[in-house]
Amino acid sequence: MKKLYLLILFSVSLFTFTAYAQDHPKASAMPADAVTLQSPDGQLLLRFAVVDGHPQYTLDRAGKPVVLPSRMGFTLIGRKSLDHDFTLTNSKTSTFDETWEPVWGEEASIRNHYNELLVTLEQHGALDWQGKVIPRATVMQIRFRLYDDGLAFRYEFPYENALTYFKIADELTEFAMAGDHTAWWIPGDYDTQEYNYTESKLSEIPDRAEAMHRTYDGVWSVFSNSAVQTALQMKTADGLYLNIHEAAALNFPTMHLLIDTTSLVFRASLTPDAEGVKGRLQAPCHTPWRTVMVCEKATDVLASRLILNLNEPCAIEDVSWIHPVKYMGVWWEMITGKSSWNYTDDFRSVRLPGDEGEGVTDYANAKPNGHHGANNANVRRFIDFAAANGFDAILIEGWNIGWEDWVGNQKYYVFDFVTPYPDFDLPALNKYAHEKGIRLIMHHETSSSTANYERWMEKAYNLMNQYGYDAVKSGYVGDILPYGENHFSQPINNHYHYAVTEAARHHIMVDAHEAVRPTGLCRTWPNMIGNESAMGTEFKGKIHPGHTTILPFTRLQGGPMDYTPGIFQTDIGKFVSWQQGNRMSHTICNQLGLYVTFYSPLQMAADLPEHYEPFMDAFQFIKDVAVDWDKSLYLEAEPGAYIVTARHPKLSSLNKAADGVGVLADGKKGVISGATRFVYAIPDSVETFHGASLQNPRDVWYIGGITDENAREVEVKLDFLKPGVKYEATIYADAPDACGLPENSSQVTNHKSQVTSHKSQVTNHKSPKYNPQAYTITKKKVTAKSVLKLRMAPCGGFAVSLREI
Ligand code: NOJ
Ligand code: CA
């Protein structure tokens, strides 16, 4: 984490609003003496004022209102509310400009440039617990930051304050929208984000949410038909892209947004804890950032680093052990039902050794069910395939005792995270894997018993250290323990963070599923290399077309997602007969495109070796593609429709991997990764090499495209290639008769309210037949002057690798 240059943090004088208003006459109405702040490029204008004691703000872009006058503050439990009787006692502006280098990411360096305004508000007359007036003022500061691509603000409570310990009843922050925008949203929920997106007008949200509740068969902790989750992507009638989210959410409950459809005002709605408290604070302290991204183009939303920039710099001094991971897993066979997590079918109730109560379960004498996925032979099969194809790691789920009785009963002592099943030889399998240059990824399903996980965490992480596991996938399925808690409440958010910081102490990378949706904390804790926190591949045929074209605008704004792409056998019923009719809405080329359009330093090839084997020529792209980048170009995009992205791999990251980063427990190096082979043109026949062989890299780019249920044609100009250099392009494209949309799919019309027109050409043909595995692979010589015409089938996509000749 080296700062390239840290510039200025100095006070600048406030420019007058009058000057801005002359240029931009339609700017939102606010008192003439409002305090103002402009973005570095002068396009965004924030105004803040205390109107009759009430703090409020507005945001304009180029003279047009984006956020109309909106209230700020909190109601507290047993204390005077923090939304009235305020006096503005001070305001201070400053500017900041720095460029920093992420440990991993979409580019080698990120510019963090903003203007800041800190306002201090004072309120008098707070009463102490005896009902006496406290002589000190209640002090609330609001820190605003204006970037070229958006606004951020947070509340701060300094030490000198009538407030020391206080409890939030409600956050009152508003985001008053200036129109009935189109929005891509998932319903507010205290426990899960695993939903399809709905595209609708803001005013339609409650009716659409109500209709979904009546028909959906998933897990729901919905608290209001008017609530949506962040990141909320919107588009105005003028074509501006707005996105409301939060950043650096620590020691605070997760924010949802409640819409009032008459006024089109969103109000923050915090996740309560088991006692209904929406935040317990101790001054000095501050809230997470509330953000409003404002972009002219959809591609600018994908390029925005607003959320990362608002997080603190890396807190880990030695990051040498953190590395990108491309992995496979003993996983999809359980998700599809081909094999099981549990070892036996005989136990209705399991009591683990050391539990209170009678009848400890005897696994040693249990009768195996014959289809336990995490058995030694199956794990070896995956290790062999992964090693032969340049992967770094294998995830194995269902390796530890307890899976016969793990969900649905809010069981406290549900797993111990250290005891393997009888057919999983943990030391031997790690040894076997390391000999082949592969690491095993640990799995800790907590079943949402966070209290139990914290009890076992140290032992569990020590076991990982002992055997050389350096990454863990954790999971939080089911209702949270302690009883009554919500997945996104303050204490449980603190749990997820604790797991990450403890893991860092053990040099362990974390990929948490079902945890709170990320808010950019991976900048500070880059050992958080993945998260699920959205509907991922495991939902199979339930995933609506276009879902993956929305996630990069929403969920991925806060950090990478372990989406687990790479499913080549999309007809799940073909290999598990009882899943007949469960067909996924994508083509093979769509899955290839995801490796470029979705950013994650942790990428899975989720399907089974036997499903890749018939298509090894297409699988080659998954082998070749890198997962860490020094440059990313968002060429074309529209939420809910399509995305086309080009990326350039980070050589230092490939070299680090090739040099055997972290070196396996027994001193061996990892496999030569597929991307390293591709960049250095190392043939598969060369099995070992040393750092010294890492010379003469070829210039390499990858391009990926994905589309919704509409077939599209895009033209990709290759003007980002080095001028005058010849490249070989390998183009993986949907065949002319390919189609990833199952016939009679009712999903297509369900989730959209309108068909918007985009730059890409929609080229649908009539009633195409489901044909997801049809693709073509062509090779072409190209230069920076070339233009590729690429057609995507319904629910299709493409991938292109380009290597300097
Ligand atoms: C849900 C996770 O998302 C999935 O990946 C995992 O396999 C199961 N829980 C079991 O832990
Ligand atoms: Ca999940």
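Numbering of ligands and ligand atoms starts at 1, following listing order.
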Quiz item: Vertex the Ca ion (ligand 2): angle to OE2 of Glu194 and OE2 of Glu514, to 10°?
Solution: 110°
Practice problem: Tell me whether the guanidinium CZ or amine NZ of Arg455 lies under 6.0 angstrom from the six-membered ring centre of Tyr412 and within 45° of its axis. | Solution: no
Self-check item: Salt bridge Glu532-Lys473, side-chain N to carboxylate O under 4.0 Å
Solution: no
Quiz item: Please, which pairs that meet salt bridge (charged side-chain N to carboxylate O under 4.0 Å, His left out) have at least one residue in residues 496-509, sequence neighbours excluded?
Solution: Glu458-Arg505, Glu502-Arg505
Practice problem: Report the C-alpha separation of Asn590 and His586 in whole Å, then their side-chain angles, then the decisive distance to 0.1 Å, and conclude whether the side-chain hydrogen bond (donor to acceptor under 3.5 Å, both in side chains) test is met. | Solution: CA-CA 6 Å; Asn590 167 282; His586 66 245; 4.7 Å; no
Self-check item: Worked check of salt bridge (Lys or Arg N to Asp or Glu O under 4.0 Å) between Asp384 and Lys436
Solution: CA-CA 8 Å; Asp384 292 347; Lys436 299 212 161 193; 2.9 Å; yes
Quiz item: What atom name does the N, O or S atom of Glu538 nearest to the Ca ion (ligand 2) carry?
Solution: OE2
Exercise. Check the angle between the aromatic planes of Tyr421 and Tyr343 and answer parallel, tilted or perpendicular using the 30° and 60° thresholds.
Key: parallel
Quiz item: When rounded to the nearest 0.5 angstrom, what is the spacing between CD in Glu397 and CD1 in Ile335?
Solution: 6.5 Å
Quiz item: What residues sit with at least one heavy atom under 4.0 Å from ligand 1?
Solution: Trp331, Ile335, Trp341, Glu397, Trp403, His443, Glu445, Lys473, Val477, His513, Glu514, Glu532, Glu538
